Amino acid sequence: MIELVRELAGTYGPSGREDEIRGVIRKKISGKVDELYTDTLGNLIAVKKGNGKRIMLAAHMDEIGVVATYIEENGFIRFSNIGGVSPVFSLGQRVRFANGVCGCVCYEEKLKEPKDLNFSKMFIDIGTNSRERTMEYVSPGDIAVFEAGTIEQNGRYISKALDDRIGCAVLIELIGQLNEVKNEIAFVFTVQEEVGLRGAGTAAYAIKPDLAVAVDVTNTGDTPGCNPLSIELGKGAAVMIKDGRTISHPLVKNKLIDLAKRFDIQYQLEVIEKGGNDAGSIHTTAGGIPSGGVSIPCRYMHSPCEMVDAGDVKNVVKLLKAFIQSED
Amino acid sequence: MRTDTLLEQLCKINAIAGFEASASNEIKEIFGRYCDKVWVDTFYNVIGYKKGSSKNGKKIMITAHYDQIGLIVTGYEKNGFLRVSNLGGVDTKALLAREVTVHGKKDVFGVIGAKPPHLLSGDEMKKNVKLTDLFIDTGLPDEELKETVAVGDPVSINSQFVRMVNGCAAGRNLDNRCGVAACVLALEKLKNIEHENDVYVIATVQEEAGLIGAISSSYNIEPDIAVVIDVCHGDMPEADKASTFTLGKGVPVGVGPAFNKNVTQQLLKLADQEGIPTQLCVEAGDPGTEAWAIQVSGMGIAVVEVCIPLRYMHTGAELVNLEDVDTAAALVSKFAAGRTVRLSKEDADDTDTD
């Protein structure tokens, strides 16, 4: 698993620029599904044919990033965020553009208070000393992602972009494990989740599944001084009851909980106030699609060192496998 | 049917946003008395259908959401306390010291604890209380609490329906059961009238959680015209006059970019002709109701809105005037039964000739 996670998390793919990551995923699953295609917005859709219910699993393949907005005369790059990037987490990090050029994220030294830190007071330095030189590598509109390796330590994966390449890894693992299926399963690697759940809705509109499950990461409440939250790393797959966008449909939620109990799969229940995942746009599409979520608990979300538990990932795979094979 | 009896029955129902499944049948039963056909869809929207008598009739959808605001269990604390988050826009300060029901494997009584003023520090006295500071005190032993209540279980506010001497009623869930009541009363009136239009009356779900039921319903029904019945703010001392409406002085009709101008004008004209009192409820943008979602469904839908003024919205002690509920029902039923409902100026010219 770690090799798959490393390859997926290390591949470039910010929101709206998913070509490279889509290519990597396509290679991994090609030949293992009955249909494989890319839709207009760039969602990668892999279908295992069946005569039962049509079930959609969605994991987004885009990651957060930064976009160059203006090049200073002395070559420094001003930038804005793609998705929920924290100025604090970005500081002192390296970023990498699609062409492989790396930059350092720094801030204006006159800045006194950390609370005054925002992107307009920050810049990216790629080591050039003029606008012309910088423009040879980076133009306004070019998007960079965080640069950070992937490690496995103490049963945890630590990496950039586990949100949501770990979800993509889960779907790829499921495709590998499945042979004949009764239900028709659409594995959808969605685009532009980080900028407003934009890919999942259109994919669901085209597929019109009977049930849908978003496979994404979720925050935990198990770190020093964090906000109260009943999710812990290593305590199992998180069955989503509610997030900021969706109240899970009883059909999906109850089925997931029943299956976890029946097959003795470790799970926990997720109630989140803010933020939403792909279920948010799927469940209001095409007259309403019963949707829910199975989440991988993740610490330090949207930082270059996101952390998930390898055991939780296994439990998520088990639970989703039971779900898509269930015939009732 | 008596308005107060109907409203009391409706307010007793627990249909917390996202947890309407168990309540849908009771609404279905009530709608069923006056409809040609009634059904519950995948999201638990309840749809009552009354067939029109003419091919030339329009398809009219009338919505009123039947979900209510509430809380959701997020975790446990020692000694029988529960932590909670919100389902819909609850007013945290109005939750203090309220009695609640936690809907676990069985219903569990609880109170939302409030620190007495004697124990509050100067700073605490000034601050608004946050939802994360609140706990539900169930009094149950921890083992039993965990056995009975799971993270994700919904919580409703306990409150009695009270008839007041001035023709008003107070209690919980009046937002928007008074709208649902108006729907039922409108259906009752339509039952014995022959009308050209196909009428779909829908009690929608999850309005409080992001207009979810309205989004799915308008896609599924694809109406020509939608009428949204929802509450607006009632007048009270020291509240902004422009955003509040006098109780018992007619139903506010929505005006603004969310609402179709021509159809709204027709609605107001009709009210005038029939002697039904209205007020104007100006919404400069998003009115915060289902109208906003319905308007942009599919290729676009002409929406109008009829409001019922309500005081103390999103608390356990909401208050409406029963006469306003009757007025809304009268206006909406007349509108739905109207012989020609015109969509636009061009459309109006066409229909004038036949």
Side-chain angles (χ1 to χ4, degrees), chain A residues 53 197 201 204-205 208-212 218-222 226-232 235-236 238-254 256-257 260-261 267-276 279-293, chain B residues 16-22 24 40-45 47 67 70-77 81-88 90 130-135 146 149-155 204-222 293 296-298:
Chain A
K53 280 202 185 69
L197 322 179
Y205 186 92
K208 291 199 174 53
D210 299 307
L211 302 172
T218 191
N219 278 313
T220 67
D222 62 350
C226 67
N227 296 317
L229 192 62
S230 294
I231 297 286
E232 291 177 55
K235 290 286 170 72
V239 175
M240 184 177 97
I241 307 294
K242 172 195 175 284
D243 68 8
R245 287 289 295 267
T246 316
I247 301 169
S248 298
H249 196 284
L251 277 177
V252 178
K253 170 184 75 183
N254 295 339
L256 285 165
I257 294 171
K261 284 180 181 161
Y267 76 101
Q268 40 192 336
L269 298 171
E270 173 192 350
V271 178
I272 305 274
E273 279 176 42
K274 286 184 188 144
S281 61
I282 298 170
H283 85 308
T284 51
T285 296
I289 293 165
S291 307
Chain B
I16 303 146
F19 296 83
E20 298 93 345
S22 58
S24 55
V40 177
D41 74 10
T42 7
F43 273 59
Y44 307 103
N45 294 302
I47 302 119
D67 62 315
L71 299 170
I72 183 167
V73 175
T74 57
Y76 311 91
E77 293 289 328
F81 291 97
L82 293 169
R83 274 203 307 265
V84 288
S85 174
N86 62 305
L87 287 168
V90 291
K130 291 196 304 261
L131 197 52
T132 43
D133 299 333
L134 294 186
F135 297 94
K146 283 192 177 167
V149 175
V151 168
D153 283 344
V155 179
T204 52
V205 297
Q206 295 194 45
E207 189 269 354
E208 304 287 4
L211 318 176
I212 309 298
I215 295 170
S216 51
S217 296
S218 41
Y219 179 91
N220 288 326
I221 304 294
E222 282 191 297
V296 294
S297 176

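A, B, ... follow the sequence lines: proteins, then strands. Residue 1 opens every chain. This structure is a prediction, so every number in the text was calculated from the model and none was measured.
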Between A:Ile231 and chain B, which part of the residue has a heavy atom less than 4.5 Å away: side chain, backbone, both or neither?
neither
Residue, of B:Asn220, B:Ile221, B:Asp41, that accumulates the most heavy atom pairs under 4.5 Å with chain A:
B:Asn220
State which residues pass salt bridge (Lys or Arg N to Asp or Glu O under 4.0 Å) with B:Arg83; sequence neighbours excluded, sorted by chain then number.
B:Glu77
Closest non-hydrogen contact found for A:Val271 with B:Val73 is CG2-O, 3.7 Å
Can any side-chain N or O of A:His249 pair as donor or acceptor with the backbone N or O of B:Thr42 at less than 3.5 Å?
yes
Quick one: what part of A:Ile241 sits under 4.5 Å from any heavy atom of chain B, side chain, backbone, both or neither?
side chain
Approximate separation, where rounding is to 0.5 Å, of A:Glu273 CD and B:Leu87 CG
10.0 Å
Is it true that atom NZ of A:Lys208 has more than 12 heavy atoms of other residues, nucleotides or ligands lying nearer than 6.0 Å?
yes
How far does CD1 of B:Ile72 sit from CD1 of A:Ile272, to the nearest 0.5 angstrom?
10.5 Å
Identify the heavy atoms of A:Gly287 and B:Ser216 that sit nearest to each other, and give their distance.
O-CB, 3.1 Å
A:Ile247 CD1 to B:Phe43 CZ distance, which is reported to the nearest 0.5 Å
11.0 Å
Angle class for the B:Tyr219/A:Tyr205 ring planes (parallel below 30°, perpendicular above 60°, tilted otherwise)?
perpendicular
Could you pull out all residues at least two apart from A:Ser230 that satisfy side-chain hydrogen bond (donor to acceptor under 3.5 Å, both in side chains)?
none
Can you tell me how far the OG1 atom of B:Thr132 sits from the CG atom of A:Leu229, to the nearest 0.5 Å?
12.0 Å
Heavy-atom cut-off 4.5 Å, strictly under: side chain, backbone, both or neither for A:Pro290 against chain B?
both
Which atoms form the tightest heavy-atom contact between A:Lys242 and B:Asn86, and what is the distance?
CE-O, 3.4 Å
